Structure formats: C-alpha cells, structure tokens
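Only one structure is covered here, and it is reproduced in the block below.
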Amino acid sequence: MKLDELLSKANDTITVRRVYGEPYEKDGLTVIPAAVVTGGGGGGSGHDEKGESGEGAGFGMAGRPAGAFVIKDGQVTWRPAVDPNRLIAVVGLVVAAYLVSRPRFFRAKARAVREISRARRHH
C-alpha cells in the first residue's frame, strides 16, 4: 500500500463512529455506547543498489467496549463496560501472586516464631 492510500484509509477509519455508537432511545432513556479505540501505522520508501525504488505502508487498529453514557430525565451518567476476559485475567494474576507468595509468608512466620521462642528461652 502506498503512503497516500494509507493516509486516505486511516482518515476513513478513524472516525467518531468508531468511538461512539449510534445513540438509541427507549421509554425516555437514551444510551450512547462508547469504545476505546487504538491504532497505529507506519510507512517508508527506499532505493536498492540497482536504482529501483519502492514504498510501503501499513495501518492497524483495535477497539473494545468502554461503557455507555445513559441519559435519563436530563441527567447523564456513565456506566462502564465489564470485560469478562480482562476480569478473569486480573483475578488469575491475583490468585497466582497469592499462591507464589504464600510459602514465603509461612516460612517468614515460622522463622519469626522460632526467633521469639529463642529470645524467651534466653531471658
């Protein structure tokens, strides 16, 4: 892809519609969904030893739900989206950290108890 084509596609891709969905209304309640969108791109050109030239470019983006703005009776509230995959990953990391640190904690506790016992015997 040529650089000018990349910029044109990026311009078409990065729009507010990627971040905010179409609002919908029901029974006096308006919901505007929102997402977190990230992207990046790069390009370049060059010449080889034969004097031939070329250029190339690439662009990528990703998005995930962030939540929604809820409008009811003139009041706007933010309702965050819950990503179950992220939640499971965080809980898994916490459990793993607990399991890894537990033996150290018990060894340290046992060492402290031994030190206290020795100190009491010497007094």
Side-chain angles (χ1 to χ4, degrees):
M1 176 179 290
K2 294 193 180 257
L3 192 54
D4 59 340
E5 292 173 13
L6 171 74
L7 293 175
S8 175
K9 286 194 182 270
N11 189 36
D12 293 342
T13 302
I14 302 173
T15 68
V16 72
R17 294 206 185 281
R18 298 282 184 193
V19 177
Y20 296 103
E22 289 293 326
Y24 56 93
E25 186 176 346
K26 184 174 182 183
D27 300 328
L29 184 75
T30 302
V31 178
I32 304 170
V36 174
V37 179
T38 57
S45 63
H47 302 279
D48 65 10
E49 58 277 348
K50 297 178 185 176
E52 296 179 13
S53 65
E55 65 179 27
F59 180 80
M61 65 178 289
R64 65 176 178 81
F69 289 101
V70 178
I71 305 167
K72 182 176 182 181
D73 299 326
Q75 298 292 317
V76 178
T77 57
W78 170 254
R79 302 292 172 109
V82 176
D83 183 355
N85 293 328
R86 182 173 278 181
L87 185 63
I88 289 169
V90 169
V91 169
L93 288 173
V94 169
V95 169
Y98 170 75
L99 293 175
V100 167
S101 65
R102 198 170 66 154
R104 289 181 184 171
F105 171 76
F106 287 121
R107 282 194 302 267
K109 186 175 178 182
R111 192 175 316 122
V113 168
R114 283 193 305 270
E115 294 293 326
I116 291 170
S117 296
R118 270 192 224 137
R120 286 184 182 164
R121 278 186 265 159
H122 293 323
H123 285 301

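Just so we're clear, the structure is a prediction, and the values are computed from it rather than from any experiment. Values below: every heavy atom of this structure, side chains too, minus hydrogens, waters and symmetry copies.
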### Task
Heavy atoms only: give me the nearest Glu22-Pro33 pair and the separation to one decimal.
O-CD, 3.7 Å
### From Glu25 atom CD to Ile32 atom CD1, the distance as rounded to the nearest 0.5 Å
10.0 Å
### Approximate separation, where rounding is to 0.5 Å, of Arg114 CZ and Lys109 NZ
13.0 Å
### Task
Please answer whether the main-chain N or O of Gln75 pairs with a side-chain N or O of Asp73 as donor and acceptor at a distance below 3.5 Å.
no
### Message
If hydrophobic clusters are built by linking Ile, Leu, Val, Met, Phe, Trp and Tyr wherever their side-chain heavy atoms come under 4.5 Å apart, do Trp78 and Val37 end up in the same one?
### Response
yes
### Joint hydrophobic cluster, Val94 plus Val91, side-chain heavy atoms closer than 4.5 Å
no
